[in-house]
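Here the structure is laid out as structure tokens; the discussion comes afterwards.
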2 protein chains.
Amino acid sequence: MVALPSGVLGALDSTSDRAVFRQIADQLREAIDKGRFKEGAKLPSESELVEHYGVSRMTVRNALSVLQGEGLVHSEHGKGVFVRPRPPVRRLASDRFARRHREQGKSAFTVEAEAAGSRPEVDSLEVKEERPTQDVSARLGGPRRVLARRRRYLLDGRPVEFAASFLPLDLARNTPIAQPNPGPGGIYARLEELGHRLDHFEEEIRARMPSPAEIRTLRLASGVPVIHLIRTAFDTEGRPVEVCDTVMAADAYVLAYQLPAT
Amino acid sequence: MVALPSGVLGALDSTSDRAVFRQIADQLREAIDKGRFKEGAKLPSESELVEHYGVSRMTVRNALSVLQGEGLVHSEHGKGVFVRPRPPVRRLASDRFARRHREQGKSAFTVEAEAAGSRPEVDSLEVKEERPTQDVSARLGGPRRVLARRRRYLLDGRPVEFAASFLPLDLARNTPIAQPNPGPGGIYARLEELGHRLDHFEEEIRARMPSPAEIRTLRLASGVPVIHLIRTAFDTEGRPVEVCDTVMAADAYVLAYQLPAT
DNA sequence: AAGTGGTCTAGACCACTCT
DNA sequence: GAGTGGTCTAGACCACTTG
């Protein structure tokens with residue numbers, strides 16, 4: 001047992017209304033915010049905090065769980081509690097689907113990740129025909145069956161995004177779109193080759209806490225929300241030709257958009 | 001003490017590796033997902049769960065705190081734990097800053113909320129000159145002082161959004177923009193009257209867990225993330241004329257955007 | 001083997017809500 | 001007053017990591 005560095009953490013205010021575990025959480029949070037514990041640094045162990053504050057272990061754990069819920073720290077069994085480092089962020093620009101980015105042989109994800117010095121991977125590819133959910137069907141104009149393409153994107157081995165594309169069967173069946181690898185430029189390039197010239201995309205964005213399944217798939221730390229993005233692609237005749245449902249680890253993304261003033 | 005409705009909650013699997021509190025959380029989550037506890041409904045009390053599962057109260061509380069962290073339930077002191085109802089959602093369309101929406105007398109927020117049948121309020125208005133943060137200054141092209149306009153938006157009495165606008169002082173000083181109420185069409189209408197014709201907006205979107213201050217300001221339930229939106233307005237000469245930093249309760253918003261395919 | 005966090009128990013007292 | 005959740009204690013045993 002090692003004494004805490006003096007001055008980093010203060011004492012409790014027994015006259016305060018504020019619960020003891022909240023006071024401890026406040027002091028740790030302040031120390032992290034002020035850089036006295038840096039990114040990746042180990043916090044004092046539970047037993048050190050128990051001794052420092054003279055409280056029971058459950059009170060200390062309660063304080064730590066507050067910080068964990070805020071996404072400030074994460075715990076590693078047998079090792080300690082650490083200040084959560086900010087992962088590299090992927091920026092999605094509003095021109096990311098511009099035709100000029102679609103001419104190369106690689107996918108947008110791969111090109112962009114390599115440019116940023118990260119190692120991109122795509123896995124758990126699934127391509128199959130199925131019945132769409134009511135929501136997807138409505139967005140696509142009511143087809144009874146669709147082609148579904150599901151994949152997971154990883155950056156430097158870390159899963160950051162899970163995406164499912166849905167296309168009406170009459171567009172996609174027996175085309176390269178139904179292949180696991182649709183070829184250079186992705187399915188948008190194939191759609192245009194098939195005569196469905198793309199006009200615009202609509203995106204809907206929500207943020208929420210992840211479901212247990214999403215926590216597993218994206219290996220999310222506690223206190224990390226997800227961004228839920230639903231994109232619909234429209235061709236020049238106004239027909240919806242694809243719906244893409246994407247769940248992203250919120251700490252790995254910044255979305256950027258441009259809006260006209262007119 | 002009342003017995004639980006039979007069949008709603010099952011028994012524990014003592015052969016499972018899964019921690020008891022997680023098994024309890026799983027069963028409650030499943031019951032909620034399947035609609036056996038509806039929105040706003042009260043879950044069994046802690047003591048009922050203690051009796052049903054034959055575990056200690058801390059174990060039950062641990063299970064409930066998992067669901068609370070997921071944003072599925074919220075507790076009310078002295079009353080019980082309830083399935084969290086989904087609040088009315090505000091949809092931000094990509095044309096929300098189009099000039100044609102700026103001609104009326106009311107603010108976009110007011111018009112839109114009343115159309116949706118909600119009661120809009122704006123409060124905690126603060127307008128003052130100050131030194132910008134490094135980030136805001138950089139986005140505005142490096143001014144040393146800015147006009148800051150801060151306000152909070154409420155829907156049916158519930159705070160949903162906190163926004164701070166920053167404008168270079170040379171644009172805003174001694175203009176209607178420096179007034180608490182800038183007049184019909186808001187500050188964008190005033191900027192155009194002053195000769196700064198708006199060309200486009202850039203928006204950056206992040207999602208994260210709220211800080212303690214944001215939890216207070218937006219009266220957020222636990223398990224509700226925030227959407228952090230930073231918008232920069234550019235005039236036709238390419239000059240950034242405003243930065244707006246907005247924090248929104250994520251459960252109250254859907255953002256919608258349109259992207260060109262070209 | 002020693003230190004770490006993960007889980008769980010069996011109590012206690014308190015503040016809040018409802019009737 | 002009875003029932004609810006909020007806080008806190010003082011233990012226990014376990015699984016994981018490191019030396």
| task | Just grab all the salt bridge (Lys or Arg N to Asp or Glu O under 4.0 Å) pairs involving residues 52-70 of chain B, residues at least two apart or on different chains. | result | B:Arg29-B:Glu70, B:Glu46-B:Arg57, B:Glu46-B:Arg61
| request: Whole angstrom is fine here: how far is it from CG in B:Asp17 over to P in D:dC16? | output: 10 Å
| said: Can you list, in residue-number order, the parts of residues 77-87 of chain A that come under 4.0 Å of DNA chain D, counting heavy atoms only? | reply: A:His77, A:Gly78, A:Lys79
| task | Would you mind reading off the distance between B:Met58 atom CE and C:dC8 atom P, rounded to a whole angstrom? | result | 11 Å
| Does B:Arg149 reach the main-chain N or O of B:Pro180 with its side chain, forming a donor-acceptor pair under 3.5 Å? | yes
| said: Please determine whether a side-chain nitrogen or oxygen atom of B:Ser47 lies at a distance below 4.0 Å from atom OP1 or OP2 of D:dT4. | reply: yes
| task | Return the value, rounded to whole Å, for the distance between atom CD of B:Glu46 and atom C1' of D:dG3. | result | 11 Å
| query | Mind checking what makes salt bridge (charged side-chain N to carboxylate O under 4.0 Å, His left out) contact with A:Glu214, not counting sequence neighbours? | reply | A:Arg208
| Heavy-atom donor-acceptor pair, B:Arg139 side chain to B:Ile230 backbone, under 3.5 Å | no
| message | Strictly below 4.0 Å: does A:Ser56 bring a side-chain N or O up to OP1 or OP2 of D:dG11? | response | no
| said: Could you work out how much the helix from C:dA1-D:dT18 to C:dC18-D:dG1 bends, comparing the axis of its first five pairs with that of its last five, to 10°? | reply: 10°
| message | Using OP1 and OP2 only, check whether a side-chain N or O of B:Arg61 sits under 4.0 Å from D:dG6. | response | yes
| query | Contacts to DNA chain D from residues 211-219 of chain A, heavy-atom cutoff under 4.0 Å, which residues? | reply | none
| request: Let me know the distance between CD of B:Glu76 and C1' of D:dT4, rounded to the nearest Å. | output: 11 Å
| Is there a donor-acceptor pair closer than 3.5 Å between any side-chain N or O of A:Gln27 and the backbone N or O of A:Gly10? | yes
| remark: So salt bridge (Lys or Arg N to Asp or Glu O under 4.0 Å) across residues 220-230 of chain A, not counting sequence neighbours, yields none
| request: Indicate yes or no for a side-chain donor-acceptor contact from A:Arg91 to the backbone of A:Val89 under 3.5 Å, with no hydrogens or angles considered. | output: no
| Should B:Thr59 be listed as having a side-chain N or O under 4.0 Å from OP1 or OP2 of C:dT7? | no
| query | Sub-3.5 Å donor-acceptor pair from the side chain of A:Glu48 to the main-chain atoms of A:Ser45, do we have one? | reply | yes
| Just how far, in rounded Å, is P of C:dG3 from CD of A:Glu48? | 11 Å
| request: Determine the contact category for A:Arg18: base if any of its heavy atoms lies under 4.0 Å from a base atom, sugar-phosphate if only primed atoms, P, OP1 or OP2 are that close, otherwise nothing. | output: nothing
| field | Sorted by number, the residues of residues 65-75 of chain B with heavy-atom contact under 4.0 Å to DNA chain C | value | none
| task | State whether B:Arg57 places a side-chain N or O below 4.0 Å from either non-bridging phosphate oxygen (OP1 or OP2) of C:dC8. | result | no
| task | Over 60° means perpendicular and under 30° means parallel, so classify the ring planes of B:Tyr257 and A:Tyr257, tilted if in between. | result | parallel
| task | Can you tell me the distance, in whole Å, between the CZ atom of A:Phe21 and the C1' atom of D:dT7? | result | 7 Å
| task | Indicate whether OP1 or OP2 belonging to D:dT4 is found under 4.0 Å from a side-chain N or O atom of B:Ser45. | result | yes
| said: So, using salt bridge (charged side-chain N to carboxylate O under 4.0 Å, His left out) as the criterion, who are the partners of A:Lys38 when residues are at least two apart? | reply: none
| message | I need the CD-P distance between A:Gln23 and D:dC8, as an integer number of Å. | response | 8 Å
| remark: Residues passing the side chain to side chain donor-acceptor pair (under 3.5 Å) test with B:Arg219, sequence neighbours excluded, are none
| field | Value in whole Å for how far the P atom of D:dG6 lies from CG of A:Asn62 | value | 11 Å
| With no hydrogens and no angle check, is any side-chain donor or acceptor of A:Thr217 less than 3.5 Å from a backbone partner on A:Ala213? | yes
| field | Partner set under salt bridge (charged side-chain N to carboxylate O under 4.0 Å, His left out) for B:Arg18, not counting sequence neighbours | value | B:Asp26
| query | What salt bridge (Lys or Arg N to Asp or Glu O under 4.0 Å) pairs are there with at least one residue in residues 243-257 of chain B, not counting sequence neighbours? | reply | B:Arg84-B:Asp251, B:Arg158-B:Asp251
| request: Tell me, please, which residues at least two apart from A:Glu203 pass salt bridge (charged side-chain N to carboxylate O under 4.0 Å, His left out). | output: A:Arg96, A:Arg231
